[in-house]
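Not measured: the values here are computed from a predicted model. In the text below, chain A, chain B and the rest are named by the order of the sequence lines, each starting its count at 1.
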Protein chains: 2
Amino acid sequence: MKKESAKPSPHGEKRRSACVCINLRSMSRAVSQIYDDALAPAGLKVTQFSLLRAIERLGPTPVGALADDQELDRTTLTRNLALLERDGLVEQSPGADKRTSLARLTRAGSAAIARALPRWENVQKELRRTLGAETLAQLSDLRAKVSGAAKAIVTGVH
Amino acid sequence: MKKESAKPSPHGEKRRSACVCINLRSMSRAVSQIYDDALAPAGLKVTQFSLLRAIERLGPTPVGALADDQELDRTTLTRNLALLERDGLVEQSPGADKRTSLARLTRAGSAAIARALPRWENVQKELRRTLGAETLAQLSDLRAKVSGAAKAIVTGVH
DNA sequence: GTAGAATGGGAGTATATACACCCAATCCCG
DNA sequence: CGGGATTGGGTGTATATACTCCCATTCTAC
């Protein structure tokens, strides 16, 4: 079905095409800046905050499990973890299986979370107020759908 | 041991918190990989494809206008443009105002778009099929809302 | 007309992200 | 037990992204 929502003037003015990916990337950038600005006084980026919270939630965790949790490439997680380690927020030590490397929070890491958490909550609240709870719920739904769809498409189910 | 404020988790099991930003970043990554995979045979990433199409749509354009169009930081756009220039897909030349630098497509740039376009359209179609047209419409709405909200929040309306 | 403001653009630096490849430990079979 | 397959991780390289400075041109008062 080609019935679209009110395509404004197909002639005359050229329009940005609605690329799903570009829409998502644009939103991601805009919202990330809001969070990063809010967390800056706590010395964290939103990505770092999220990773610290995952480690807090999961306890001492091998790198691969963290990567799965964050839906990040394992090697990306390695780099992100290295920055937190450099700043003394996280420690790594070998696990029982000597291939694994377990990440855990340091005291400074817990402190950083404590500093950042209220700021993060403020942004969440602000966005809820600005966008509305339903929109945010839609967003969560969407993530689930998109995760599923992405997996299906990438693993070659067409 | 439940250590924190009471109720957000109804199951007692530790849950990933629904961070708006992390949701968006995760979706953005997943979907970008779908597009990048699809466009790889055409030698483009989705970001590059999008930028080329913007230049095609806008004609010879100063860097700042391109950045506004893509809702990207100007300096980010400079770097992205440099890669396309390196690959011979885009040329820059000074404008009437000698401060400006106008970007335009080369023949190779147009050819790259032509190679990539059907692949891009396939992904759009595939996502429309997988996620449904309404979901995609929601996504476009959301981008508008988020853009507005982000601008309001960043420019200090709190 | 000229000095300072404003504007357009780039460079240095830093983080986030992923792919291809490599290494070490463990596992699984014969 | 021994050797290939598997698994867990890291490195090299590349792109995307943005912030802080910095430079050149243009504009605006005066």
Let me know the distance between [atom1] of [X] and [atom2] of [N], rounded to the nearest Å.
X	N	atom1	atom2	value
B:Glu71	D:dT17	CD	P	12 Å
A:Asp37	D:dT20	CG	C1'	14 Å
A:Leu44	C:dT15	CG	C1'	13 Å
B:Leu102	C:dG10	CG	P	11 Å
A:Leu51	C:dT17	CG	C1'	14 Å
A:Leu84	C:dA16	CG	C1'	12 Å
A:Asp97	D:dG9	CG	P	8 Å
B:Leu39	D:dT15	CG	P	16 Å

Nearest to the side chain of [X], heavy atoms from C-beta on, is which of [options]?
X	options	value
B:Thr78	D:dA16, C:dT26, C:dG10	C:dG10
A:Thr47	C:dA16, C:dG10, C:dA18	C:dA16
A:Leu72	D:dG10, C:dG9, C:dT17	C:dT17
A:Arg74	C:dA18, D:dT17, D:dG10	D:dG10
A:Lys45	C:dT15, C:dG10, C:dT17	C:dT15
B:Asp73	D:dC19, C:dG10, D:dT15	D:dC19

According to a strict under-4.0 Å criterion, is [X] in side-chain N/O contact with OP1 or OP2 of [N]?
X	N	result
B:Gln48	D:dA16	yes
A:Arg86	C:dT15	yes
B:Gln33	C:dT17	no
B:Thr75	C:dG10	no
A:Thr76	C:dA18	yes

* Determine whether any donor atom in the side chain of A:Arg79 lies under 3.5 Å from an acceptor atom in the base of D:dG9, or the reverse, and answer yes or no. =>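 Under the 3.5 Å cut-off, the side chain and the base do not form any donor-acceptor pair.
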* Look at the side chain of B:Arg99 and the base of C:dT7, then say whether one donor and one acceptor between them are separated by less than 3.5 Å. =>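 Donor-acceptor pair under 3.5 Å: yes.
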* Asked: Pick the nucleotide of DNA chain C nearest each of A:Lys98 and A:Val46; which residue has the one closer to the 5' end?
  ->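 Comparing both residues, the 5'-ward one is A:Val46.
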Without hydrogens or angle criteria, can the side chains of [X] and [Y] be said to hold a donor-acceptor pair below 3.5 Å?
X	Y	value
A:Gln92	A:Ser101	yes
B:Arg128	B:Thr135	no
A:Thr47	B:Arg25	no
B:Glu56	B:Ser110	no

* Can you check whether A:Glu71's main-chain N or O pairs, donor with acceptor, with B:Arg29's side chain at less than 3.5 Å? ->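 Such a contact is found between B:Arg29 side chain and A:Glu71 backbone.
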